[in-house]
A.B. asks: 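Pasting in a structure now, in structure tokens, and then I'll have a few things to ask.
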Amino acid sequence: MNCSDTAGIGWPLFIGLGANTPGPLGGPRETLAWAVSELNHLLEGVSFSSVFFTAPLHYSEQPHYFNQVLRGFSRMGPRNLLRELHRLEKEAGRCRAGVPRFGPRPLDLDILLFGDYTIASVDLQVPHPRMHQRRFVLEPLQELAPAVRDPRNGALWRSYLAGAL
């Protein structure tokens with residue numbers, strides 16, 4: 001992957017999707033399907049992994065998650081994409097106020113990778129800062145793109161699987 005606008009279709013990116021509670025769009029599976037459909041309108045060349053059913057981390061008193069990774073290309077920069085992802089989360093019923101940090105949610109959308117950019121700001125970190133520890137991200141990423149590398153050190157993302165939760 002690299003930062004250049006690939007063949008005029010935008011920057012390559014990966015987005016993590018997760019859901020574990022019902023929202024106004026239905027249950028977690030329906031919400032993920034809706035999110036994939038919406039992202040298909042925002043991005044070019046969309047493909048997505050299988051849906052993985054996983055136990056919650058950090059805050060265990062909640063339902064299991066349905067997780068998926070989506071690959072696509074964006075003409076938007078990373079901050080505009082983040083705004084769009086937050087808009088979709090809100091439309092799916094996510095409210096960030098008063099909810100535990102790793103608590104239940106009808107939809108969670110995270111920018112995992114954006115080209116080979118590394119971004120470290122208060123509101124956006126790319127690559128996602130904990131993706132190398134999360135099996136529910138690494139397995140679907142491996143399914144979609146086994147040769148993708150960590151832009152920080154060149155390691156294959158699949159090399160982190162052995163130590164992931």
A.B. asks: Could I get the full list of side chain to side chain contact (heavy atoms under 4.5 Å, CB included) partners for Ser159, not counting sequence neighbours?
C.D. replies: Ala155
A.B. asks: Quick one: list whatever passes side-chain hydrogen bond (donor to acceptor under 3.5 Å, both in side chains) with Asn20, sequence neighbours left out.
C.D. replies: Gln62
A.B. asks: For ring pair (Phe, Tyr, Trp, His ring centres under 6.0 Å), just list the numbers for Phe52 and Phe66, CA-CA rounded to whole Å, side-chain angles, deciding distance to a tenth of an Å, and then say yes or no.
C.D. replies: CA-CA 6 Å; Phe52 290 71; Phe66 292 86; over 10 Å; no
A.B. asks: Enter the distance from Asn67:CG to Thr54:OG1 here, rounded to the nearest 0.5 Å.
C.D. replies: 3.5 Å
A.B. asks: Nearest 0.5 Å, please: how far is CG in Asp150 from CG in Asn153?
C.D. replies: 4.0 Å
A.B. asks: Quick one: list whatever passes salt bridge (charged side-chain N to carboxylate O under 4.0 Å, His left out) with Glu44, sequence neighbours left out.
C.D. replies: none
A.B. asks: What pair of heavy atoms forms the shortest contact from Ile119 to Pro78, and how long is it?
C.D. replies: CD1-CG, 3.7 Å
A.B. asks: Show your working on side-chain contact (heavy atoms from CB on, under 4.5 Å) between Leu165 and Gln133 and close with a plain yes or no.
C.D. replies: CA-CA 6 Å; Leu165 301 174; Gln133 301 168 328; 5.6 Å; no
A.B. asks: Provide the closest heavy-atom pair for Pro24 versus Gly93 in the form atom of the first, atom of the second, distance.
C.D. replies: CD-CA, 3.7 Å
A.B. asks: With a 4.5 Å cut-off on side-chain heavy atoms, are Leu70 and Ser47 touching?
C.D. replies: no
A.B. asks: Could you state the interatomic distance from CG (Leu141) to CD (Gln68), rounded to the nearest 0.5 Å?
C.D. replies: 13.0 Å
A.B. asks: Residues in salt bridge (charged side-chain N to carboxylate O under 4.0 Å, His left out) with Arg135, at least two apart?
C.D. replies: Glu139
A.B. asks: Identify, with sequence neighbours excluded, every residue that meets side-chain hydrogen bond (donor to acceptor under 3.5 Å, both in side chains) alongside Asn80.
C.D. replies: Arg83
A.B. asks: Step by step, work out the side chain to side chain donor-acceptor pair (under 3.5 Å) result for Arg71 and Ser49.
C.D. replies: CA-CA 8 Å; Arg71 173 178 48 196; Ser49 72; over 6 Å; no
A.B. asks: Using the test side chain to side chain contact (heavy atoms under 4.5 Å, CB included), find all partners of Val137 that sit at least two apart in sequence or belong to another chain.
C.D. replies: Leu112, Met131, Arg134
A.B. asks: Once side chain to side chain contact (heavy atoms under 4.5 Å, CB included) is applied, do any residues pair with Leu156, and if so which ones, sequence neighbours excluded?
C.D. replies: Arg149, Arg158
A.B. asks: So, for Ala19 and Pro106, which heavy atoms are closest and what is the spacing to 0.1 Å?
C.D. replies: CB-O, 3.1 Å
A.B. asks: Could you go step by step and tell me if Leu25 and Glu91 meet the side-chain contact (heavy atoms from CB on, under 4.5 Å) rule?
C.D. replies: CA-CA 9 Å; Leu25 304 169; Glu91 198 170 326; 5.7 Å; no
A.B. asks: Can you list everything that forms a side-chain hydrogen bond (donor to acceptor under 3.5 Å, both in side chains) with Thr118? Sequence neighbours excluded, please.
C.D. replies: none
A.B. asks: Asp108: what forms a side chain to side chain contact (heavy atoms under 4.5 Å, CB included) with it, not counting sequence neighbours?
C.D. replies: Glu89, Arg94, Arg105, Asp110
A.B. asks: Rounded to the nearest 0.5 Å, what's the gap from CZ on Phe114 to CZ on Phe14? Could you check?
C.D. replies: 12.5 Å
A.B. asks: Let me confirm one number: the CG-CG distance from Leu107 to Leu88, rounded to the nearest 0.5 Å.
C.D. replies: 7.5 Å
A.B. asks: Holding to side-chain hydrogen bond (donor to acceptor under 3.5 Å, both in side chains), I want the full list of residues that pass it with Glu143, two or more places apart in sequence or in another chain.
C.D. replies: Ser50
A.B. asks: Please list all pairs passing the ring-ring contact (aromatic ring centres under 6.0 Å, His included) test where one or both residues lie in residues 119-158, with sequence neighbours left out.
C.D. replies: His132-Tyr160, Trp157-Tyr160
A.B. asks: Does one hydrophobic cluster hold both Val69 and Tyr65, with members joined at side-chain heavy-atom distances below 4.5 Å?
C.D. replies: no
A.B. asks: Within the distance-only criterion (no hydrogens, no angle test), does the side chain of Ser74 pair as donor or acceptor with the backbone N or O of Leu43 below 3.5 angstrom?
C.D. replies: no
A.B. asks: Using side-chain heavy atoms (C-beta onward) and a distance below 4.5 Å, is Leu13 in contact with Leu113?
C.D. replies: no
A.B. asks: Between NE2 of His86 and CG of Leu81, what distance do you get to the nearest 0.5 Å?
C.D. replies: 10.0 Å
A.B. asks: Side-chain atoms of residues 29-42: list all donor-acceptor pairs with protein atoms under 3.5 Å, sequence neighbours left out, distances to 0.1 Å.
C.D. replies:
| from | atom 1 | to | atom 2 | distance (Å) |
| --- | --- | --- | --- | --- |
| Glu30 | OE1 | Gly27 | N | 3.0 |
| Thr31 | OG1 | Gly27 | O | 3.0 |

